[in-house]
J.: 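Structure incoming, see below.
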Amino acid sequence: MSFALKLMDWYRENGRDLPWRNTQDPYVIWLSEIILQQTRVEQGMPYFYRFLEAFPIVTKFAAADEEEILRLWQGLGYYSRARNMHKAAKMVVDTFDGIFPRRYQDAIRLPGVGEYTAAAIASFSSNEPRAVVDGNVYRVLSRYLGVTEAINSTKGKKLFAELAQEMLDPQHAGIYNQAIMDFGALQCKPKKPLCATCIFQLSCVALRDGLVDALPVKLKGRASKNRYFHYFIIRKDDQLLLSKRGEGDVWTNLFEFPLLESTEDLSIDALYASADFNQYFTADVQIKPVGEPIKHVLSHQNIYARFYVVNNPNSLKIKKTEWNYFYFEKIDTLAKHKLIFSFLEKNKQLISPNY
DNA sequence: AAAACGGGGAA
DNA sequence: TTCCCAGTTTT
């Protein structure tokens with residue numbers, strides 16, 4: 001029996017029952033697929049329900065404010081996904097007449113929809129024969145076929161895309177795609193794959209050649225950079241000064257406190273003495289550390305954050321357009337990144353008894 | 001061809 | 001610590 005048929009048999013017995021599998025609605029599939037990009041099923045699940053409830057149809061999504069979408073997305077990471085979803089929803093309304101596209105060639109035009117997601121939408125919604133290539137597929141195919149080409153090289157990506165398309169059962173594209181991803185997630189796992197109970201024991205090249213732990217091959221990325229953030233908590237009665245981050249860095253359009261960044265860790269005295277600090281504040285300003293310093297790890301940088309309470313809002317010398325005061329109740333509704341909302345969760349009371 | 005882009009869970 | 005997750009976009 002062929003690889004595809006055995007795989008689909010395995011899936012009928014062992015596949016997961018996931019909520020987005022009970023629909024052929026391309027909008028609902030799109031919602032789930034964007035949420036699941038580089039995200040574990042368990043982590044994405046609550047967000048899927050949250051978004052489906054807030055925006056049951058694409059026109060509702062398109063009509064929402066970006067603020068509301070980012071707030072719902074808060075904590076999931078890779079926030080460009082949320083911003084692109086909003087653009088995509090508007091494009092569906094404007095360009096596709098409000099009908100969410102099912103065809104690969106249409107879906108891939110949407111911002112945030114790449115080859116994987118377009119293949120998922122097309123195959124799950126209408127069985128269009130497009131093979132998905134995600135992390136699971138790379139792993140399963142590299143092991144089963146014994147492919148040692150790096151999965152994150154340009155050459156490797158092209159090769160695996162071709163192999164995936166060859167292995168696909170074009171008559172059952174949707175089920176096949178679900179099956180190979182579940183097989184990768186549940187059986188052919190990254191660590192300690194379940195080869196002892198695997199249906200492909202006799203045909204898997206990696207198992208035959210003792211390469212299971214060596215595959216897939218992946219080129220190392222670059223080392224993370226260290227950044228040092230000094231956040232200033234500036235309170236005027238029951239309002240705090242918040243800053244909306246701009247483009248070109250992490251956390252685009254999310255709120256945080258006014259910030260000074262340094263390339264090295266700074267003592268509080270060094271901070272007082274720095275040129276940047278003296279551009280922000282008058283000479284008589286006093287700041288006091290509040291809460292614990294936080295090390296926040298991103299995929300490509302380590303951020304060391306310290307927080308300081310500023311004694312008097314009038315000691316702030318400058319005013320940036322991205323800075324605004326917000327009441328405590330309003331702040332709770334704004335989209336903040338993890339570093340900020342976890343700080344607030346812990347230290348609200350230290351900022352003001354009223355908060 | 002690389003680098004940027006989050007956050008969390010598992011070993 | 002390291003790896004990697006139903007990847008895409010920008011440089």
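Order of the sequence lines sets the chain letters (A, B, ...), proteins ahead of strands, with each chain counted from 1.
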J.: Taking only Lys NZ, Arg NE, NH1 and NH2, and the carboxylate oxygens of Asp or Glu, determine whether A/Glu128 and A/Arg102 approach each other closer than 4.0 Å.
T.: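 Here A/Glu128 does not pair with A/Arg102 in a salt bridge, since their nearest N and O are not under 4.0 Å apart.
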J.: Which word best sums up how the rings of A/Phe326 and A/Phe255 line up, parallel for under 30°, tilted for 30 to 60°, or perpendicular for over 60°?
T.: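 Perpendicular, since the angle between the ring planes exceeds 60°.
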J.: Among A/Lys336, A/Arg245, A/Lys338, A/Lys244, exactly one meets salt bridge (Lys or Arg N to Asp or Glu O under 4.0 Å) together with A/Glu256. Which residue is that?
T.: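 Running salt bridge (Lys or Arg N to Asp or Glu O under 4.0 Å) over A/Lys336, A/Arg245, A/Lys338, A/Lys244 with A/Glu256 returns exactly one hit, A/Arg245.
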J.: Could you check, using the six-membered ring where one of them is a Trp, whether A/Tyr280 and A/Trp323 have ring centers closer than 6.0 angstrom?
T.: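 Yes, ring centres under 6.0 Å apart.
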J.: At a heavy-atom distance below 4.0 Å, what parts of residues 15-24 of chain A sit against DNA chain C?
T.: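 Contacts with DNA chain C under 4.0 Å: A/Arg16, A/Leu18, A/Trp20, A/Arg21.
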J.: Members other than A/Ile99 in its cluster, when Ile, Leu, Val, Met, Phe, Trp, Tyr link by side-chain heavy atoms under 4.5 Å?
T.: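 Besides A/Ile99, the cluster holds no residue at all.
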J.: If every non-hydrogen atom of A/Arg83 is compared with every non-hydrogen atom of A/Asn253, which pair is closest and at what distance?
T.: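 It is CD-ND2, 3.8 Å.
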J.: Apply side-chain hydrogen bond (donor to acceptor under 3.5 Å, both in side chains) to A/Gln37 and list each qualifying residue two or more places apart in sequence or on a separate chain.
T.: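 Only A/Thr117 meet the side-chain hydrogen bond (donor to acceptor under 3.5 Å, both in side chains) criterion with A/Gln37.
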J.: Through direct or indirect side-chain contacts below 4.5 angstrom among Ile, Leu, Val, Met, Phe, Trp and Tyr, which residues connect to A/Leu215?
T.: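 Same cluster as A/Leu215: A/Leu211, A/Val217.
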J.: Which pair of heavy atoms, one from A/Leu219 and one from A/Ser153, lies closest together, and at what distance?
T.: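 Heavy-atom minimum between the residues: CD2-CB, 4.2 Å.
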J.: Heavy atoms under 4.0 Å, any strand shown: does A/Lys220 hit a base, just sugar-phosphate, or nothing?
T.: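 Sugar-phosphate: the residue A/Lys220, judged by heavy atoms under 4.0 Å, touches backbone atoms but no base.
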J.: Counting only non-hydrogen atoms, which of residues 32-55 of chain A are less than 4.0 Å from DNA chain B?
T.: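 Residues of residues 32-55 of chain A under 4.0 Å from DNA chain B: A/Gln38, A/Thr39, A/Arg40, A/Gln43.
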J.: Contacts to DNA chain C from residues 137-168 of chain A, heavy-atom cutoff under 4.0 Å, which residues?
T.: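 Here the set is A/Arg139.
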J.: So which of residues 242-264 of chain A are in contact with DNA chain B, with a heavy-atom cut-off of under 4.0 Å?
T.: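 Only A/Gly248, A/Asp249, A/Val250, A/Trp251 qualify.
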J.: Quick check: is A/Leu260 connected to A/Val285 through a chain of hydrophobic side chains (ILVMFWY, heavy atoms under 4.5 Å apart)?
T.: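 In one cluster with A/Val285: A/Leu260, yes.
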J.: Any salt bridge linking A/Lys6 with A/Asp9? Criterion: basic side-chain nitrogen under 4.0 Å from a carboxylate oxygen.
T.: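 Salt bridge between A/Lys6 and A/Asp9, a charged N being under 4.0 Å from a carboxylate O: no.
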J.: Determine which pairs satisfy salt bridge (charged side-chain N to carboxylate O under 4.0 Å, His left out) with at least one residue from residues 200-217 of chain A, sequence neighbours left out, and list them in order.
T.: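 Non-adjacent pairs meeting salt bridge (charged side-chain N to carboxylate O under 4.0 Å, His left out): zero.
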J.: Near DNA chain C, which residues from residues 66-80 of chain A have a heavy atom under 4.0 Å away?
T.: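 Those residues whose heavy atoms fall under 4.0 Å from DNA chain C, taken from residues 66-80 of chain A, amount to none.
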J.: Tell me, please, the opening and closing nucleotides of DNA chain C, 5' to 3', among those with an atom under 4.0 angstrom from a non-hydrogen atom of chain A.
T.: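 Listing 5' to 3', DNA chain C meets chain A from C/dC3 to C/dT9.
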J.: Determine the Euclidean distance between corresponding P atoms of B/dG6 and C/dT11; express it in Å to zero decimal places.
T.: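 Pairwise P distance, C/dT11 against B/dG6, rounds to 14 Å.
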J.: Aromatic rings A/Phe281 and A/Phe277: how do their planes relate, parallel, tilted or perpendicular, breaks at 30° and 60°?
T.: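 Tilted.
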J.: Report the residues that fulfil ring pair (Phe, Tyr, Trp, His ring centres under 6.0 Å) with A/Tyr325, sequence neighbours left out, ordered by chain and then residue number.
T.: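 In terms of ring pair (Phe, Tyr, Trp, His ring centres under 6.0 Å), with neighbours along the sequence ignored, A/Tyr325 is linked to no residue.
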J.: Please tell me whether A/Phe200 and A/Phe3 form a close aromatic pair, meaning their ring centres lie under 6.0 Å apart.
T.: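 Yes, ring centres under 6.0 Å apart.
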J.: For A/Val113 and A/Ala118, work out which heavy atoms get closest and say how close.
T.: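 Looks like CG1-N, 3.6 Å.
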J.: Could you tell me whether the side chain of A/Phe183 reaches within less than 4.5 Å of the side chain of A/Asn14, counting heavy atoms only?
T.: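 Result no, sub-4.5 Å side-chain heavy-atom pair not found.
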J.: Taking all non-hydrogen atoms of both residues into account, name the closest pair between A/Phe257 and A/Phe232 and its distance.
T.: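 For A/Phe257 versus A/Phe232, the nearest heavy atoms are CB-O, 3.4 Å.
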J.: State plainly whether the residues A/Glu67 and A/Arg71 are in salt-bridge range, i.e. N to O under 4.0 Å.
T.: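 Result for this pair is no, no salt bridge flagged.
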J.: Would you grab the first and last nucleotide of DNA chain B (5' to 3') that comes under 4.0 Å of any non-hydrogen atom in chain A?
T.: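 Range of nucleotides touched by chain A: B/dA1 to B/dG9.
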J.: On the 0 to 90° scale, with breaks at 30° and 60°, tag the A/Trp73-A/Phe51 ring pair as parallel, tilted or perpendicular.
T.: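 A/Trp73 and A/Phe51: perpendicular rings.
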J.: What interatomic distance, in whole Å, is found between C1' of C/dA6 and the corresponding atom of B/dA3?
T.: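 Straight-line distance between the two C1' atoms is 23 Å.
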J.: How would you label the contact of A/Arg222 with the nucleic acid (heavy atoms, under 4.0 Å): base, sugar-phosphate, or nothing?
T.: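 A/Arg222: backbone/sugar contact only, no base atoms under 4.0 Å.
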J.: Using heavy atoms to find the nearest nucleotide of DNA chain C for A/Gln178 and A/Lys191 separately, return the residue whose nucleotide is more 5′.
T.: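 Going by which nucleotide is closer to the 5' end, it is A/Lys191.
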